[in-house]
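Written below as structure tokens is the structure these notes are about.
Quantities reported herein were computed from a predicted structural model and do not represent experimental measurements. First the proteins, then the strands, lettered A, B, ... as listed; each starts at 1.
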Amino acid sequence: MIQNVLDGLLTGSIVSLGAIGLTMIMHMLRFANFSYAELLAIGAYVALVFDRLFAAVLPFTSVAIGPLSLTVSLVLAMAVAMAAAGLSAVVIDRLVFKRIRETAGSLSMVFASFGVALIIRNVIALIFGLKAQLYSDDIAFAMVLSTHPLVLVKPDQVFTFTAALAIMFAFHLVLSRTTFGYALRAVAENPQLAQVNGVRLSTMVTAVWVIGGGMAAAAGVFYGLTNQISPVIGQNFILPVFAAAIVGGIGSIYGAVLGGFIVGLASGLALLVVPSGYSPAMPFLIILAVLILKPNGLFGEEQR
Amino acid sequence: MIGFISYFAFFCTVASILAIATLGLNLHWGNTGLFNGGVVAFFGAGAYGTMLLGGRPELGQFGGYELPYPLAFAGGILLAGAVAWVVGVLTLRLRHDYLAIATFGVAVAFESVTRNAEWLTGGAKGLRGFERPFEAAIGSPFGYSLLFLAFVLVVLVVVYVGLERLIRSPYGRLLRAIREDEEAARSLGKSPARVRLAAFVAGSMIMGTAGSLYSTFYAFISPQDLASILTFQIWAMLIVGGAGNNRGAIAGAFMIWAAWTASGWLLARFAPIDVQLYTGTIQYILIGLVIVGMLLWRPQGVLPEKLVVSQTGMGAARQPAPRE
């Protein structure tokens, strides 16, 4: 029970990080982006490449930090991965979504996003292989928090949870303390009104792709660190991040964070009653429950 | 020669079954503007529904009622319709892309049930033990494969003619009216939510029909037959053929299925051994490129939608207007 809660909170922090960019994109560009979770996979794999690269070029970076299996090289690689995923998000938007946005409706973008997701996922599989990989082959020993009931936590998990919260808190400071943050919130809440007040929508769209891509990449690295890296990361995360965005209300950044934790906890606790084979379907049940009880989510406004 | 004809019959049977599913998707996406992200779930509901009702009973296994084939066939179709109705009622009043998310979720949930609920779906080993109609009477497998192809073609023609009559009827105009301008349709006293629900359920039942034929054809169904790539394949078939055009949907289904089979054969024949492991991966990338490429460069497809201007002007076509 306690183990399920802890695991749920950890998953929740990763889902939250992944859902922030998605909810902003879904509100600003008005389309459900099914290729969004592939940014987690891009982040995880770019970090894998640069982790190996840094460790080879600068051997002193390949030492683990304290009790973690996390190395200095992986921290550096994660920074590269965040930039790379942000850039990929902008490039994909320019190549595909922007052009469809200009000529067709938002559902054509949904359609295209499925195609983009299929391409990214399988190109990754072609380059890196279908097999799952790990950042470090060292065995990370779990800390025994209590023996009765048995509660195990790995140092990497504690780090992931803290780091995810830190990234989200940093983003909160940007949103609440800077002019850029105000502009971003204005665009997220009411794109038309923000434009009237001199906020350039196209600049903000690019900014959201970069920020969302960066956070998604971090989520991908964290997932890789605490679980494993495989080409199906995106496929496994797309429904949870949609569920988080819908629970919180589309367009609500804080709602997405809360939604991510709700999805994580619910999925963790569900394992107490249903076999783990059903866990991919949990976010779908959450989505259905929200659509029945509160179709606009916890903090969302009416959507048409 | 018999070998060639029998392979050709096999190819046509599968392609025609997929063409029926593509016609169902055309009613959703082409005619009504609904995005179905989980075609495979409705196809699968038809397949499993028919197997459960018409199959032989097995120990510890739900279903196996050995119902006469028409009842089993209809049961599969109704199951697909029932799933669609539940999803549609919950999502069709909301933001339009919620249907895409919910149907995608249905497909994920459906897959977990087919893989895990062994008492119901047989789990990973699937359901077998199904007596195909008239199989015993015909005797020869070759003769039966031709008969089954004929049966599938009859269903395809019935679905095609039915849909053609539907889209030319006032109701078809109503579907397009809602697709193009929901507010205008509402101002004429129409109820877009109800019409969309009806179209969604009907289209899903057509997909269920295809699924039911598929499981009848193989007398077997398992989660491996219902991988999520099926949804992508059927989308590619519609977008290549031409969304909104039923003849295009059928042509697209045959073209994409031919391309899929041919690419699989070429990779198996000429690719180095270590690449062959990634045959599926390469084919998936091709399907993705087809979908994105068509949406970018030729969203109207090979056979574009022919819009009927007025009731008296049937046959008079004009260039399709840009969607939404």
Do B/I229 and A/L118 come within less than 4.5 Å of each other through their side chains, counting heavy atoms only? yes
Which atoms of B/I239 approach chain A - backbone, side chain, both or neither, heavy atom under 4.5 Å: side chain
Which atoms of A/P275 come close to chain B, meaning under 4.5 Å heavy atom to heavy atom: side chain ones, backbone ones, both, or neither? neither
Spacing of CG belonging to B/L94 relative to CD1 belonging to A/I246, to within rounding of 0.5 Å: 9.0 Å
Any B/V113 side-chain heavy atom under 4.5 Å of A/Y278 side chain: yes
Against chain A, label B/A236 side chain, backbone, both or neither, depending on which of its atoms sit under 4.5 Å from a heavy atom there. neither
Applying side-chain contact (heavy atoms from CB on, under 4.5 Å) to B/V108 and A/F284, what does each step give before you reach the verdict? CA-CA 8 Å; B/V108 172; A/F284 171 63; 5.8 Å; no
Which distance, rounded to the nearest 0.5 Å, do you find between the CG of A/L291 and the CG of B/L90? 6.5 Å
Once rounded to the nearest 0.5 Å, what's the spacing between atom CH2 of B/W297 and atom CZ of A/R99? 5.5 Å
Checking A/L130 against chain B: side chain, backbone, both or neither under 4.5 Å from a heavy atom? both
Winner by heavy-atom pair count (cut-off under 4.5 Å) against chain B, out of A/I287, A/L95, A/V123: A/V123
Taking the side chain as everything from C-beta on, heavy atoms only, tell me whether A/Q235 gets closer than 4.5 Å to B/S228. yes
For B/F232, is it the side chain, the backbone, both or neither that has a heavy atom under 4.5 Å from a heavy atom of chain A? side chain
Reported CG-to-CD1 distance for the pair A/N122 and B/I287, which is rounded to 0.5 angstrom: 11.0 Å
All ring-ring contact (aromatic ring centres under 6.0 Å, His included) counterparts of A/F242, not counting sequence neighbours: A/F34
Minimum heavy-atom separation for B/V292 and A/A112, please, with both atom names. CG2-O, 3.9 Å
For each of A/I238, A/I119, A/V96, A/L288, tally heavy-atom pairs with chain B at distances under 4.5 Å, and name the one with the top tally. A/I119
Given that the side chain runs from C-beta out, which part of A/L126 has a heavy atom under 4.5 Å from chain B: side chain, backbone, both or neither? both
Okay, B/V275 and chain A: the region with an atom under 4.5 Å from a heavy atom over there is neither
May I ask you to name which of A/G129, A/S279, A/A243 has the most heavy-atom pairs under 4.5 Å with chain B? A/G129
Which pair of non-hydrogen atoms, one from A/A281 and one from B/S112, has the smallest distance, and what is that distance? CB-OG, 3.5 Å
Starting at CG of A/L107, measure out to CG of B/D97 and round the result to the nearest 0.5 Å. 6.5 Å
Hey, what do you get for OG1 (B/T281) to CD1 (A/I124), rounding to the nearest 0.5 Å? 12.0 Å
So do B/T231 and A/F114 actually touch side chain to side chain, heavy atoms under 4.5 Å? no
Which pair of heavy atoms, one from B/A100 and one from A/V110, lies closest together, and at what distance? CB-CG1, 3.8 Å
